[in-house]
Amino acid sequence: MTLKFPLTRLACSLALVTAGAAFALPAAAADNGKFRIGVATFLSGAAAGPFGVPAANAAKLVVDALNKGALPAPYNTKGISGVEIEVVLIDENGGATKQVEEYRNLVQRQKVDVVIGYISSGDCLAIAPVAEELKTPTVFFDCGTSRLFSETLKNPKYVFRTGLDAVVDNVAAARYIVETKPKVKSVGSIQQNYAWGQDAWVDFSLALKQLKPDIKVVSEQWPKLGQGQYGAEISALSVSNPDLIHSSFWGGDMEALVLQGGARGLFDKRVTLLTAGETGFGHFKDQAPNGTIVGGRGPFGAFAPKNALSDWLRTTYSAAHKEQPTYPAFKMMQAILGVKAAAEKVGKPGAMPTQEQVLAGLKGLTFESPSGTVRMSRAGGHQAVQGVAYGEYHYDPKTRKASITNVKDYPGDCLMPPDGTSHADWIKAGFPGAKCSPTPPKERTS
């Protein structure tokens, strides 16, 4: 299967913050009869361009369309239960301590009904216990750390994640390597040294070792988040000479690694796997070698299936921003639609949804999204389950277009342990109960 799209650079204009009546800058809370959603995403800093701004752009487009009743079915009714939605948008930049303060402000002063947000795993881990303390429905749309429900919150009530646990990214990545690159005998790692990178490497190395016991780990590199220059790490990886390089780098760090590693021949005659590589398509061009394996953290962005909702997002987003939406835009839309579906499942048309109704509706919810069907069926009904796709990046210098080839899809129940089972124990035990029947390949073009 092949996915094709034009190469464009993300436009990082923040005009969206003030554009549109549905969006509000932080101000004194008022009882204006609207359903208020606090949205936290990066509007500045390294994560803004590849992640935060596309997510914020999507939030604006989706909320504006919902308020007009202009989305495809089953979301073609106005607002949430007929009540207009208002968004209070805040910048996630600044670190976990600042985000906890901002979260408290959203809940206690802005009086939002629901909070949707958070890309950084560190921010999610800091916010989660505060959300439970303040008893506020909170939906994490992107952050992927597996520690959220395995360590930080073992019995959540107010916290949900409509995005995927990063365990699925790396179990799928390991399966993809074993199935498509059987000659790989050694692996080197370069990860950002914080919860996201640490967990990603543990999950991938455990899964790969389980599926291919003779694999050898020859190098582990742990640069700081946002380090930017990777000369020493590239030298160490080159000297160790692995067949495969695995990295969960994202955003500017990922693009810097690709540029610097390519210039120094790091990727020559080696397999490179970028689990969050989908957001770099518009920047890579010929800097990333053809055959680089990339993922989109689930069935998002270029990997999303063709349906009425994904068609709407691609068409509307590209018309507004002159580029295709990457995976954070899909994940933000998914979170907002989850809240709407939850509130309307329990609430009454025309009545302001209550927080209790949102909580009751979200727990164990199955709903449709631009990435297909979402099942909130892990962590006691608080964690989404979906499949994951991987493929190979290819760039044609004549057409100046990139495509993804050799795409493979893995269903969610193939990649996630049953509730109550540690992901590490599940992987070490050989993935008991995993349902890995192959998904029929489909041609998808965007």
Is a side-chain donor-acceptor pair under 3.5 Å present for T275 with D169? no
Side-chain donor/acceptor pairs under 3.5 Å, residues 218-225, sequence neighbours excluded:
from, atom 1, to, atom 2, distance (Å)
S219, OG, Q221, NE2, 2.9
E220, OE2, W201, NE1, 3.2

Counting the benzene-type ring for Trp, do F284 and Y393 have ring centres under 6.0 Å apart? yes
Looking at R104 and E133, does any basic side-chain N land under 4.0 Å from a carboxylate oxygen? yes
Using modelled atom types and a 3.5 Å cut-off, is there a donor and acceptor pairing between side-chain atoms of H382 and backbone atoms of P156? yes
Minimum heavy-atom distance L257-F267, with the two atoms named: O-CZ, 3.7 Å
Grab the two heavy atoms, one from T405 and one from Y176, that are nearest each other, plus how far apart they are. O-OH, 4.3 Å
Give a yes-or-no answer on whether the side chains of S248 and Q191 include a donor-acceptor pair shorter than 3.5 Å. yes
Tell me whether the NZ or CZ atom of R175 lies within the 45° cone about the ring axis of F431 and under 6.0 Å from its centre. yes
Any ion pair linking D243 and K183 (charged N to carboxylate O, less than 4.0 Å)? no
Between Y390 and Y410, ring centroids under 6.0 Å: no
Pairs where residues 370-381 contributes a residue and the test side chain to side chain donor-acceptor pair (under 3.5 Å) is met, not counting sequence neighbours: Q334-S371, E368-T373, S369-S371, S371-Q386, R375-S377, R375-D413, R378-D413
Ring center gap for Y317 and F330 short of 6.0 angstrom: no
Residues 113-122, side-chain donor-acceptor partners within the protein, below 3.5 Å, at least two apart:
from, atom 1, to, atom 2, distance (Å)
D113, OD2, R36, N, 2.8
S120, OG, G122, N, 3.2
S120, OG, D123, N, 3.2

Working for salt bridge (Lys or Arg N to Asp or Glu O under 4.0 Å), residues D396 and R400: CA-CA 6 Å; D396 184 341; R400 300 189 66 212; over 6 Å; no
Show your reasoning for whether side chain to side chain donor-acceptor pair (under 3.5 Å) applies to R147 and Q198. CA-CA 11 Å; R147 302 181 195 183; Q198 294 160 5; 3.0 Å; yes
State, to 0.1 Å, how close P242 and I245 come at their nearest heavy-atom pair, and which atoms those are. CG-CG1, 4.0 Å
Going through the distances and angles, do N290 and E392 end up as a side chain to side chain donor-acceptor pair (under 3.5 Å)? CA-CA 7 Å; N290 286 346; E392 297 179 8; over 6 Å; no
Any donor-acceptor N or O pair under 3.5 Å, side chains N170, H246: yes
Distance-minimising heavy-atom pair for D142 and R297: O-NH1, 2.9 Å
Side-chain donor-acceptor pair present, D253, Q227, cut-off under 3.5 Å: no
Considering only NZ, NE, NH1 and NH2 on the basic side and carboxylate oxygens on the acidic side, decide whether D165 and R161 come within less than 4.0 Å. yes
